[in-house]
Student: 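So that we are looking at the same thing, I have put the structure below in structure tokens.
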Amino acid sequence: MTKREKLSTESYKGVRDFYPEDQFLQRYLFEHMERVCELFGYEEYSASILEHSELYRSKTSEEIVNEQTYTFTDRGNREVTLRPEMTPTLARMIAARSRDIPLPARWYTIANVFRYERPQRGRLREHWQLNADLVGAEGVEADAEIIAVAHGVMRSLGAEERDFEIRVSDRRILDSIYHSVGIAKEYAADITRLLDRRAKIDDFEQKLTDMIAHEEKAVKLIEELERVTSSAYLEELRVTLERMGVHNMIVDTSITRGFDYYTGMIFEVYDMHEDNRRSLFGGGRYDNLLGLFGGESIPAVGFGMGDVTARDFLEAHNLLPEYAPATELMLCIVDKESTAHAIQLAQALRREDVTVAINFSGKRIGDQIRQADKMKVPFVIAVGEKERVEGRYAIKNLATSAEMTLPADRIAEHLFSSLG
Ligand code: HAM
């Protein structure tokens, strides 16, 4: 090799780098998610991204297990999977300590999850997901609460109710339709997954017929799915939500959700913007999952909200926050002799809780100030001989160009009152 090969600057396919502006938005999203969960009494938990592959084998949808996980064998010959979702981990954690954890438990986490999918708008190979789950409670109040948390997150991000729709259905409706049509239990999960992808596939009816291997039943199933438009339970849920101030829930029996573990209420939050009509996120009730760990069965309900679709929603609705760095003040250095003084001033200000960066570039003062402006740092102070000698500093507000000259011990107070 004569010439050294250059390393690529591209990230791995389907994952993202978060530059400061991206991370700013990420933090904005996360802070709103956390705040709303905590307003509803949810406690934060976390876990490793690594799980035994076995966890996913029988509990989540086959599609996810076989086609979409990142799975590898570790050096000790164990099969390991990067979690494709949080629900099995949550179920495992609660089941492991079900006698000690006071139920109902309200838990939330914002976790990165990995799925080997074809990257496209709204779908990547790594994304972050808010998961809020209510474990150990059944009934309409619990289902309504979970939907109200989802609604609360949307509202706190600035969405109006008309901007999104909460489409709700119930797996029990599907089960009773399968029963009435005479579809054997072993086909149910496959059919439900096929229904979940209905809008995305062209030859849905043919696929359904092939799957059931019975044309009349396929026709009858489609008829029944169209005929059943709600249930007494879903109407009660709607009334409960109305009382909580949630007015944009609609019943939509075409919602199915992909995972096998759902047993009751299921929902999808849908973007109503004409340029972004799509499902944003969803969840539902899964009363049999925790029982798979051998202990007693514990009812649960929750949802997962992804950051990718959330960003697209904010963008479509013009709700993105404007970037502002955490740095409040940049100290610019006029001459080399002032460097030590600037460093001491910065340390004193940090002790007073001011976020300060120092420009060591040695460039002309005008260039240093322009750089601070480009970085959107709101205030600058130029430290030179005069400032060193007099102990007074001109604090410049870059947005308004206003200047205020103060001694070191009054700078913090001035910045805080200007920043509000
Ligand atoms: P899920 O619908 O597979 O459900 O994922 C939840 C949300 O995560 C999606 O609606 C979407 O916002 C986001 N998401 C999923 N896959 C991707 C992807 N490849 N790229 C970007 N975003 C994605 C679950 O995972 C359930 N475990 C949720 C749950 C919690 N159910 C009950 N509790």
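All ligand and atom numbering here is 1-based and tracks the order in the structure.
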Student: Taking CD in Glu296 as the centre, count heavy atoms belonging to other residues, nucleotides or ligands within less than 6.0 Å. Is the count above 12?
Tutor: no
Student: For Asp133, take its heavy atoms, then give the atoms of ligand 1 lying under 4.0 Å from any of them.
Tutor: 30 (C), 32 (C), 33 (N)
Student: For atom 31 (N) of ligand 1, tell me which residue out of Tyr262, Phe267, Phe303 has the closest non-hydrogen atom.
Tutor: Tyr262
Student: Would you say Trp128 touches ligand 1, if touching means a heavy atom closer than 4.0 Å?
Tutor: no
Student: With distance as the sole test, does Arg92 use its side chain to make a donor-acceptor pair with the main-chain N or O of Thr87 at under 3.5 Å?
Tutor: no
Student: Below 4.5 Å, heavy atoms only, C-beta onward: do His151 and Met249 meet side chain to side chain?
Tutor: no
Student: Any nitrogen or oxygen of Val308 lying under 3.5 Å from a nitrogen or oxygen in ligand 1? Just yes or no.
Tutor: no
Student: Distance under 4.0 Å to a non-hydrogen atom of Tyr261: what atoms of ligand 1 satisfy this?
Tutor: 26 (C), 27 (N)
Student: Any idea which atoms of ligand 1 are less than 4.0 Å away from a heavy-atom of Gly304?
Tutor: 6 (C), 7 (C), 28 (C), 29 (C), 30 (C)
Student: Check for me whether the distance between the ring centres of Tyr261 and Tyr286 falls short of 6.0 Å.
Tutor: yes
Student: Using heavy atoms and a 4.0 Å limit, tell me yes or no: is Arg257 in contact with ligand 1?
Tutor: yes
Student: Which pair of heavy atoms, one from Tyr56 and one from Glu85, lies closest together, and at what distance?
Tutor: OH-O, 4.2 Å
Student: Can you list the atoms of ligand 1 that are under 4.0 Å from a heavy atom of Thr309?
Tutor: 12 (O)
Student: Provide the number and element of each atom of ligand 1 under 4.0 Å from a heavy atom of Phe281.
Tutor: 10 (O), 12 (O)
Student: Counting N and O atoms only, with roles assigned by atom type, does the side chain of Gln368 sit under 3.5 Å from a partner on the main chain of Ile333, one being a donor and the other an acceptor?
Tutor: yes
Student: Indicate whether the side chain of Tyr178 and that of Glu224 have a donor and an acceptor atom separated by less than 3.5 Å.
Tutor: no
Student: Going by heavy atoms, is Arg123 under 4.0 Å from ligand 1?
Tutor: yes
Student: State yes or no: are the ring centers of Phe303 and Phe281 separated by less than 6.0 Å?
Tutor: yes
Student: Looking at ligand 1, does any of its N/O atoms fall within less than 3.5 Å of an N/O of Met305?
Tutor: no
Student: If you measure from each heavy atom of Ala132 to ligand 1, is any distance below 4.0 Å?
Tutor: no
Student: Would you kindly say whether Glu165 and Asn248 are connected by a side-chain donor-acceptor distance under 3.5 Å?
Tutor: no
Student: Classify the side-chain pair Gln26/Asp22 by whether it contains a donor and acceptor separated by less than 3.5 Å.
Tutor: no
Student: Looking only at distance, does Asn131 have an N or O less than 3.5 Å from an N or O of ligand 1?
Tutor: no
Student: Without hydrogens or angle criteria, can the side chains of Gln120 and Arg123 be said to hold a donor-acceptor pair below 3.5 Å?
Tutor: no
Student: Any side-chain donor-acceptor pair under 3.5 Å between Asn276 and Arg121?
Tutor: yes
Student: Quick check on contacts: which atoms of ligand 1 are under 4.0 angstrom from a heavy atom of Leu124?
Tutor: 18 (C), 19 (N), 20 (N), 21 (C)
Student: Enumerate the atoms of ligand 1 whose separation from the nearest heavy atom of Gly122 is less than 4.0 angstrom.
Tutor: 20 (N), 21 (C), 22 (N)
Student: Near Glu117, which atoms of ligand 1 are under 4.0 Å from a heavy atom of that residue?
Tutor: 16 (N), 17 (C), 18 (C), 19 (N)
Student: Please compare Glu85, Arg115, His127 and report which has the shortest non-hydrogen distance to atom 3 (O) of ligand 1.
Tutor: Arg115
Student: Please indicate whether any nitrogen or oxygen in Tyr286 is less than 3.5 Å from any nitrogen or oxygen in ligand 1.
Tutor: no
Student: Does Gly283 reach ligand 1 with a nitrogen or oxygen that is under 3.5 Å from one of the ligand's nitrogen or oxygen atoms?
Tutor: no
